[in-house]
Amino acid sequence: ILASIFSLIIYWLIRDRYRVRNLSGKHVFITGCDTGLGNSLAKWLDKKGFCVIAACATEKGGQELRSCSSLSLKTVNLNLADSNSIARAVVFVTEETAGKGLFGLVSNAEGIAPVAPIDWLRIEDFHSVLDVNLLGLIEITLKLLPLLKKAEGRVVNLVNAKGLMAFLGGGYSLSKWGMEAFSDTLRIEMQHFGVKVSIVEHGFFKAEVVNSDIIEKYLFKLWNRLTPEIRDSYGEKYF
């Protein structure tokens, strides 16, 4: 038993020392790069020498990122809830990689999720987050798989760990559980092609501090649109 434990420790130490070599020419596509984790990751990989393609939801986000990065970093506008926007981004990535394939796809973008009891929500409230966090992620991954297979690259899906605790209504937790299931299935299927699939479950970041005013505003909006019967069933004290 001790020999097995010792061997496992040695294996992990060796594996953790492994680093990707020859970074020049390796393209990494990252979603959700306007701010936060995606923005920081794009800058960090750019400094390391990767050819970064950063997807931003706004033109302003792309301009600000380019202004503090090297000339090799490229940005593209992307709305994961829009199939046409996804198609345009895929064309851009295909042209930028120029037949080399895609070394990495990092999915980080998140849709806005209303925080409220399920009873207060409508189907469009679920769509507002599922269309971005889950269905958009799936669609862009599927369309980039040929490039990932060509480069024997890797998919890294960033999953906020708070979404794995289903104690709030709405589509946020649903999207995170769905991302886990999609990633686990994709990992098994892509092994044959040499494509690695990883999940990074992260916690809170300083850049992700939740604005309580926004949450409160959303709650008032949801409460005010409820039927009198539903409002009466909960009561003002509950609200």
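Please read all numbers here as calculations on a predicted model, not as lab measurements. Heavy-atom basis, side chains included; hydrogens, waters and symmetry copies ignored.
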Q) So, for Gly38 and Cys33, which heavy atoms are closest and what is the spacing to 0.1 Å? A) O-SG, 3.7 Å
Q: Please examine the side chains of Ile30 and Ile53, heavy atoms only from C-beta on, and report whether any two atoms are closer than 4.5 Å.
A: no
Q) Is it true that Leu135 and Leu142 fall in one hydrophobic cluster, defined by side-chain heavy atoms closer than 4.5 Å? A) no
(Q) Under the ring-ring contact (aromatic ring centres under 6.0 Å, His included) definition, can you give me all pairs with a residue in residues 67-86, not counting sequence neighbours? (A) none
Q. Would you say the side chain of Glu201 lies within less than 4.5 Å of the side chain of Glu180, judging by non-hydrogen atoms?
A. yes
(Q) Please evaluate residues Leu105 and Val93 with respect to the criterion side-chain contact (heavy atoms from CB on, under 4.5 Å), reporting the C-alpha separation (whole Å), side-chain torsions for both, the decisive distance (0.1 Å), and the verdict. (A) CA-CA 11 Å; Leu105 166 62; Val93 174; over 6 Å; no
Q) Rounded to the nearest 0.5 Å, what separation is found between the CG atom of Asn160 and the CG atom of Asn108? A) 10.0 Å
Q) Do the non-hydrogen side-chain atoms of Val156 and Val200 ever get within less than 4.5 Å of each other? A) yes
Q. Can you list the residues that meet the salt bridge (charged side-chain N to carboxylate O under 4.0 Å, His left out) rule with Lys143, with sequence neighbours excluded?
A. Glu139
Q: Please list all pairs passing the ring-ring contact (aromatic ring centres under 6.0 Å, His included) test where one or both residues lie in residues 64-98, with sequence neighbours left out.
A: none
Q: Kindly state whether the ring of Tyr234 and the ring of Trp120 have centres lying under 6.0 angstrom apart.
A: yes
Q.
Applying salt bridge (charged side-chain N to carboxylate O under 4.0 Å, His left out), can you list everything that pairs with Asp125, at least two apart in sequence or on another chain?
A. Arg225
Q: Heavy atoms only: give me the nearest Leu65-Ser69 pair and the separation to one decimal.
A: O-OG, 2.7 Å
Q.
The test is side-chain contact (heavy atoms from CB on, under 4.5 Å); show your working for Glu152 and Phe193 and say whether it passes.
A. CA-CA 7 Å; Glu152 293 190 356; Phe193 300 99; over 6 Å; no
Q | salt bridge (charged side-chain N to carboxylate O under 4.0 Å, His left out) partners of Arg122, counting only residues at least two apart | A | Glu124
Q. In Å and rounded to the nearest 0.5 Å, what is the CD to OG distance from Glu96 to Ser72?
A. 10.0 Å
Q | Test ring-ring contact (aromatic ring centres under 6.0 Å, His included) applied to Phe126 - qualifying residues, sequence neighbours left out | A | none
Q.
A side-chain contact here means heavy atoms from C-beta on lying under 4.5 Å apart; do Ile86 and Leu80 qualify?
A. yes
Could you list the donor-acceptor pairs under 3.5 angstrom formed by side chains in residues 111-118, with sequence neighbours left out?
none

Q: Name all residues meeting the side-chain contact (heavy atoms from CB on, under 4.5 Å) criterion together with Val91; count only those two or more places apart in sequence or in a different chain, and write none if there are none.
A: Glu95
**Q.** salt bridge (charged side-chain N to carboxylate O under 4.0 Å, His left out) partners of Asp82, counting only residues at least two apart
**A.** none
Q. Given side chains that start at C-beta, do those of Leu134 and Met179 come closer than 4.5 Å, heavy atoms only?
A. yes
Q: For Leu8, look at atom CG and say whether over 12 heavy atoms of other residues, nucleotides or ligands are found less than 6.0 Å away.
A: yes
Q: Would you indicate whether the side-chain heavy atoms of Ser173 and Met165 approach each other to under 4.5 Å?
A: no
Q. Within the distance-only criterion (no hydrogens, no angle test), does the side chain of Asn39 pair as donor or acceptor with the backbone N or O of Asp34 below 3.5 angstrom?
A. yes
Q: Quick one: pull up CG in Leu186 and CD1 in Ile199 and give me the separation to the nearest 0.5 Å.
A: 10.0 Å
Q | Trp177, CH2: over 12 other non-hydrogen atoms inside 6.0 angstrom | A | no
Q | Test log, rule side-chain contact (heavy atoms from CB on, under 4.5 Å), inputs Val28 and Val106 | A | CA-CA 7 Å; Val28 179; Val106 182; 4.1 Å; yes
**Q.** Residues Glu59, Arg66; criterion salt bridge (Lys or Arg N to Asp or Glu O under 4.0 Å); working and verdict
**A.** CA-CA 11 Å; Glu59 184 61 38; Arg66 289 193 301 272; 3.5 Å; yes
Q. Which atom pair, heavy atoms only, marks the closest approach of Asn157 to Ser183?
A. ND2-OG, 2.7 Å
Q: Decide whether Tyr11 and Phe6 are clustered together by the hydrophobic rule: side chain heavy atoms of Ile, Leu, Val, Met, Phe, Trp, Tyr closer than 4.5 Å, transitively.
A: no
Q | Results of side-chain contact (heavy atoms from CB on, under 4.5 Å) for Phe220 - residues two or more places apart only | A | Glu216, Asn224, Phe239
Q. Leu137 and Ser107: which non-hydrogen atoms are nearest, and at how many Å?
A. CD1-CB, 3.4 Å
Q) Nearest heavy-atom pair of Val52 and Asp46: which atoms, and what distance? A) CG2-N, 3.6 Å
**Q.** Selection residues 27-76 - residue pairs positive for ring-ring contact (aromatic ring centres under 6.0 Å, His included), sequence neighbours left out
**A.** Phe50-Phe103
Q. Shortest non-hydrogen contact from Ala151 to Gly101?
A. CB-C, 3.8 Å
Q. Say you draw a straight line from NZ of Lys100 to CG of Leu147; how long is it, rounded to the nearest 0.5 Å?
A. 13.0 Å
Q) How many angstroms lie between atom OG1 of Thr75 and atom CG of Asn77, to the nearest 0.5 angstrom? A) 7.0 Å
Q. Are any of the side-chain heavy atoms of Leu121 and Leu222 separated by less than 4.5 Å?
A. yes
Q | Worked check of side-chain contact (heavy atoms from CB on, under 4.5 Å) between Leu45 and Leu41 | A | CA-CA 6 Å; Leu45 291 180; Leu41 180 61; 3.9 Å; yes
Q) Taking side chain as C-beta onward, heavy atoms only, is Arg154 less than 4.5 Å from Ser198? A) no
Q. Hey, is the main chain of Leu37 close enough, under 3.5 Å, to the side chain of Ser40 for a donor-acceptor pair?
A. no
Q: Drop me the distance from His192's NE2 to Met190's CE, to the nearest 0.5 angstrom.
A: 9.0 Å
Q: Share the residues that join Leu13 in a hydrophobic cluster, the rule being Ile, Leu, Val, Met, Phe, Trp or Tyr side chains under 4.5 Å apart at the heavy-atom level.
A: Ile1, Ile5, Ile9
Q: Apply side-chain hydrogen bond (donor to acceptor under 3.5 Å, both in side chains) to the pair Ser85 and Asn79, showing each step before the final yes or no.
A: CA-CA 6 Å; Ser85 179; Asn79 176 6; 5.8 Å; no
